[in-house]
Amino acid sequence: MTTVLLTFAVSVIVIVIAGTVLTWCADAIAEHTGLGKLFVGSVFLAGATSLPELTTGLSAIWLDLPDLAV
């Protein structure tokens with residue numbers, strides 16, 4: 001039980017740090033490119049958070065597992 005809670009706590013910390021860094025980088029991109037923060041947040045952050053689903057779908061196609069892709 002302790003291992004599960006420790007794994008969960010470490011995962012939470014990693015996700016919070018990654019989200020903070022991702023948001024900071026999106027703000028930096030918006031400032032350097034002149035694009036609005038709303039545009040960068042909508043396109044880049046939404047794209048970055050959709051990558052796990054895209055990876056799962058592509059893996060399902062490559063492994064010929066259509067049930068997983070659906």
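Please read all numbers here as calculations on a predicted model, not as lab measurements.
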Kindly list each side-chain donor-acceptor pair under 3.5 angstrom involving residues 19-41, sequence neighbours excluded, with atom names and distances?
| unit_1 | atom_1 | unit_2 | atom_2 | d |
| --- | --- | --- | --- | --- |
| T20 | OG1 | V16 | O | 2.8 |
| T23 | OG1 | G19 | O | 2.8 |
| T33 | OG1 | I29 | O | 2.7 |
| T33 | OG1 | L35 | N | 3.3 |

Query - L51: side chain to side chain contact (heavy atoms under 4.5 Å, CB included) partners, not counting sequence neighbours - result: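 L54.
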Report summary line: side chain to side chain contact (heavy atoms under 4.5 Å, CB included) filter on T2, not counting sequence neighbours, yields none
Requested in this report: State the CG-OG1 distance between L65 and T56, to the nearest 0.5 angstrom.
Outcome: 11.5 Å
**Report entry** Candidate list V4, T3, V10, test side-chain contact (heavy atoms from CB on, under 4.5 Å), partner T7, passing option
**Finding:**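 Answer to the side-chain contact (heavy atoms from CB on, under 4.5 Å) test with T7 among V4, T3, V10: T3.
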